[in-house]
Engineer: 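What follows is a single structure, and I will ask about it in a moment.
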Protein chains: 2
Amino acid sequence: MNGRSALRLAKLQEALASGGTLHLRDAAELCDVSEMTIRRDLTTQDTAISLLGGRLVMANYPGVTPIYDLTEQQASHYQAKYRLCQRALAYIEEGDTLFIDCGSTLMPLLSQLSHFRELTVVTYALNVANAVAALPNVRLVLLGGLFYATSQSFGSDNMTAAIERLGINKALISAAGVDLERGVSCFHFHEVAPKQAAIATAMQCLLVVDASKFSVIRPAYFAALDDFDVVVTDEEGAPQLLKENGRVVPEIVVPSVTVA
Amino acid sequence: MNGRSALRLAKLQEALASGGTLHLRDAAELCDVSEMTIRRDLTTQDTAISLLGGRLVMANYPGVTPIYDLTEQQASHYQAKYRLCQRALAYIEEGDTLFIDCGSTLMPLLSQLSHFRELTVVTYALNVANAVAALPNVRLVLLGGLFYATSQSFGSDNMTAAIERLGINKALISAAGVDLERGVSCFHFHEVAPKQAAIATAMQCLLVVDASKFSVIRPAYFAALDDFDVVVTDEEGAPQLLKENGRVVPEIVVPSVTVA
DNA sequence: GCTTTAATGTTAAAATTATAACATTTAGTG
DNA sequence: CACTAAATGTTATAATTTTAACATTAAAGC
């Protein structure tokens, strides 16, 4: 290693600290060395900076795009999710006040909300908030508290009271497990209060889950299946699965597999 | 414009929502069109996605690297901000519970927090929360409410009560204006309650402002100058400016201009 | 169903970026 | 001060990305 190299990287890191990119040629000029030297600094030394298309960007830096490639699988997985949300979208109307649950299931829905004139979204998830914050037509209410990184969501002891004060119209709930006997469950206990409060206040409750969640039980049970008005899912078999044993289950919507 | 194009972009946006990059060739395959079409989508339509070195990355997305080029001036401007925060950093100690104000001033501080073993950060700003959420060693408490896009922060009527419940150790406050007579002010009224509550509860209050804020008055006054224990600023003239008229002002820290 | 236009695809050339090999400079050592 | 080794610079070449022009296909209107 090399002291001068480390100094150069520190300088560049400072310049990039609050975002933005710096062209390799400018970085070289800034440090008064050749482009090749900067290149070598980046490959030789251990740094938070990546070179992407001739530009230096912060990688693996808090809150900043990590530079890694999405695999094709990962990318195509979004397609399935996208279809699921497309169906849930049919239930959303102009002017609604929506409760959006945490997790990744409902994320594809959010960008679609830009097509409405005016909506309100209530959430306790950071990733949901970020997506909604970018939409000028959607009023965002974030329920704060202590941050739980695993679910990218917040928990607090007055979550229930905070939710009950809001005029939530429709609740879109996701889950990690759905079982006819035991009901609907998730991984984290701090999610129970907001989910239950939302289900209690909302006029209409939608459970949005892909079929892999059926017949699965997770640690934190939060609702019975018939607390929901609609179950939106993505596989043909799911309705039968739910209806067997002669049980009454809510309306089930399965997006047709043939989507353009 | 074109509906199909918008759909493709929404799809790609979803795929990129949680960070990472997607190669143009994979994006084309995912959408089942040619690379050229994706290229055109990105240049024709208004999108949060940028093409950088053949890879799609999120740009201008909350908490994610905005893709713009830093001019050499800008790059050195970050150095100034960084130095300002570097000085404020000297006041932070292991185990502190920090209140971090909204705005861009304190952002360079946040990445530095990774060097501590354990901290707690309380904030009502989305950009701050995003930066802190990425730090595994920092406990994050976000004070939620209605989102105000202009300041990337939340406002609610029980902000004061929520802050008083927390054991905040040190408050790092930023401002848009500082005036000897009128005191310290900001742009948005919803920021007043959290700032005041934090100043009231914290054991130590730091005002972190660059010198351009002096002798400036903004719509929402929230504190007097001597409500603070320390003023951290970045210009030699500032202390004199504050001390004239024989007024008592808090300890002032000016980062030395001579930094390697 | 024909015409027209918009959308998409294809190809080749230009520009840019990455890699590798070798030349030169600089710093340290006896 | 020469010698050595590390660091940096230079150049040429290869790979990739961007741009532009034109061909093809699909959609919309009459």
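Basis for what follows: all heavy atoms, side chains included, without hydrogens, waters or symmetry-related copies. In what follows, every chain begins at residue 1, and chains take the letters A, B, ... in the order their sequences are listed.
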Engineer: Within the pair B:Thr37 and C:dG9, is there a side-chain N or O less than 4.0 Å away from OP1 or OP2?
Structural biologist: yes
Engineer: Could you please name the option among C:dT17, C:dG9, D:dT17 that lies closest to any side-chain atom of A:Arg25?
Structural biologist: C:dT17
Engineer: Respond yes when some side-chain nitrogen or oxygen of A:His23 is under 4.0 Å from OP1 or OP2 of C:dT16, and no when none is.
Structural biologist: no
Engineer: Between the side chains of A:Tyr124 and A:Asp101, does any donor sit under 3.5 Å from an acceptor?
Structural biologist: yes
Engineer: Send over the distance from A:Arg55 CZ to C:dT16 C1', rounded to a whole Å.
Structural biologist: 11 Å
Engineer: Which residues satisfy the side-chain hydrogen bond (donor to acceptor under 3.5 Å, both in side chains) test with B:Arg25, sequence neighbours excluded?
Structural biologist: B:His23
Engineer: Has B:Ser34 got a side-chain N or O lying under 4.0 Å from the OP1 or OP2 atom of C:dT10?
Structural biologist: no
Engineer: Choosing from D:dT8, C:dG9, C:dT19, which nucleotide comes nearest the side chain of A:Met36?
Structural biologist: C:dT19
Engineer: Are B:Val132 and B:Thr123 side-chain neighbours, meaning at least one heavy-atom pair lies under 4.5 Å?
Structural biologist: no
Engineer: Tell me every residue that passes side-chain hydrogen bond (donor to acceptor under 3.5 Å, both in side chains) with B:Glu35, counting only those two or more places apart in sequence or in another chain.
Structural biologist: none
Engineer: Starting from P on D:dT19, measure out to CG on B:Leu51 and report it in whole angstrom.
Structural biologist: 9 Å
Engineer: Report the distance from atom CG of B:Leu24 to atom P of D:dT16, rounded to the nearest whole Å.
Structural biologist: 14 Å
Engineer: Take B:Asp41 and A:Arg40, find for each the nucleotide of DNA chain C with the closest heavy atom, and name the residue whose nucleotide sits nearer the 5' end.
Structural biologist: B:Asp41
